[in-house]
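Working notes, beginning with the structure itself.
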Amino acid sequence: MRALLARVDAVLVQAVIAAALSFAHLHDIALAAGQDGWKAWAYPVSVDLLLVAAWRQLRTGDAKASGWCWFVIALAASLGANIATAGLLDLDHVPAWLRILVAGWPAVAFLGGTLLAHSVPKAAEDVGESAEDDVDQEEHAEPVPEPPALPAADPAPVPPAVLTPPAVSVPAALVEHARKVAAEHRTRTGAAIDTPTLRARLGVPAPMAEAIAAQI
């Protein structure tokens with residue numbers, strides 16, 4: 001995190017230094033071309049604002065050609081001022097063509113800034129056109145006929161009643177043995193034997209135990 005902050009701080013410091021030097025060079029050129037007072041300070045502001053507007057158009061807009069055009073123009077003005085003030089131009093005897101360029105720059109910057117600021121993104125135009133097309137289609141759309149009514153479905157068949165399982169056949173000898181077990185249980189506990197106990201004592205399945213319990 002600290003390394004990232006240090007890198008960002010270094011970039012910001014470098015940007016501030018470069019902007020200050022370019023600002024001073026543009027001011028010196030404007031002053032040498034006869035634009036004194038506050039006008040000499042307004043020229044570098046105009047160039048930098050046009051440069052920022054063009055860069056913003058390149059980053060977020062769809063008119064890339066227009067953005068690149070004004071970005072190159074603003075960059076040429078800034079770079080030309082930096083080179084001219086590096087000793088290649090006598091600021092005491094500025095040529096006439098440079099005075100013409102400096103005098104005409106406000107009109108150029110105003111035109112470029114206006115075009116960049118009021119350019120409509122392509123996405124917004126497409127959304128507006130598609131919305132209008134949708135409204136037109138809805139207004140001229142023909143009514144959709146209602147589907148024909150389907151015949152009523154037959155009621156689901158009622159499942160047949162569950163058949164009662166057949167009675168379990170119990171041998172008579174087993175019934176007699178069960179009666180003895182039940183009698184012994186009543187003598188020992190004083191209560192009638194229940195079906196689960198009878199089933200456990202006889203070792204027979206539950207249906208057969210129920211059938212035996214019904215006969216004793």
Side-chain angles (χ1 to χ4, degrees), residues 1-140:
M1 187 65 180
R2 293 181 179 178
L4 178 60
L5 293 176
R7 182 175 60 185
V8 172
D9 291 342
V11 172
L12 292 178
V13 171
Q14 179 66 19
V16 171
I17 294 174
L21 292 175
S22 178
F23 193 93
H25 292 161
L26 287 168
H27 170 267
D28 294 343
I29 287 294
L31 185 62
Q35 307 294 330
D36 55 353
W38 65 270
K39 294 181 289 184
W41 295 105
Y43 272 86
V45 175
S46 174
V47 173
D48 291 342
L49 287 180
L50 182 61
L51 194 64
V52 172
W55 177 248
R56 182 176 178 275
Q57 180 70 21
L58 291 176
R59 292 293 302 274
T60 61
D62 293 325
K64 300 296 185 182
S66 176
W68 276 115
C69 177
W70 292 108
F71 182 81
V72 171
I73 291 175
L75 183 62
S78 178
L79 186 60
N82 296 337
I83 296 174
T85 55
L88 301 179
L89 180 67
D90 186 3
L91 298 181
D92 295 331
H93 301 86
V94 177
W97 62 266
L98 183 57
R99 293 178 180 272
I100 295 174
L101 288 178
V102 173
W105 173 257
V108 175
F110 176 78
L111 177 62
T114 303
L115 293 177
L116 292 174
H118 294 280
S119 60
V120 180
K122 185 177 180 182
E125 294 179 354
D126 295 341
V127 170
E129 293 177 357
S130 61
E132 294 178 358
D133 294 341
D134 293 340
V135 172
D136 294 340
Q137 292 178 1
E138 291 179 358
E139 292 178 353
H140 298 86

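Reckoned from all heavy atoms, side chains included, excluding hydrogens, waters and symmetry mates. Residues take their numbers from the sequence shown, with the count starting at 1.
- Trp55 places none of its side-chain heavy atoms less than 4.5 Å from the side chain of Leu116.
- A donor-acceptor pair under 3.5 Å is formed between the side chain of Thr85 and the backbone N or O of Asn82.
- Side-chain contact between Trp105 and Ile73 is present, with heavy atoms from C-beta onward closer than 4.5 Å.
- Looking only at distances, a side-chain donor or acceptor of Thr114 sits under 3.5 Å from a matching main-chain atom of Phe110.
- For the atom pair CG (Leu79) and CG (Leu26), the distance works out to 10.5 Å, reported to the nearest 0.5 Å.
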*asked:* side-chain contact (heavy atoms from CB on, under 4.5 Å) for Trp70 and Leu58? Distances and angles first, verdict last.
replied: CA-CA 10 Å; Trp70 292 108; Leu58 291 176; over 6 Å; no
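- Two residues are said to be in side-chain contact when any heavy atoms from C-beta on lie closer than 4.5 Å; Val47 and Phe23 fail this criterion.
- A heavy-atom distance below 4.5 Å is not found between the side chains of His27 and Tyr43.
- The two atoms that bring Pro106 and Ala103 nearest to each other are CD-O, 3.3 Å, heavy atoms only.
- Of all heavy-atom pairs between Gln57 and Lys64, the closest is O-NZ, 4.3 Å.
- Looking at Leu50 and Val108, their side chains never come closer than 4.5 Å, going by heavy atoms from C-beta outward.
- Among all heavy-atom pairs drawn from Arg99 and Ala32, the shortest one is NH2-O, 3.9 Å.
- Checked by atom type and distance alone, the side chain of Ser46 never pairs as donor or acceptor with a backbone atom of Ala42 at under 3.5 Å.
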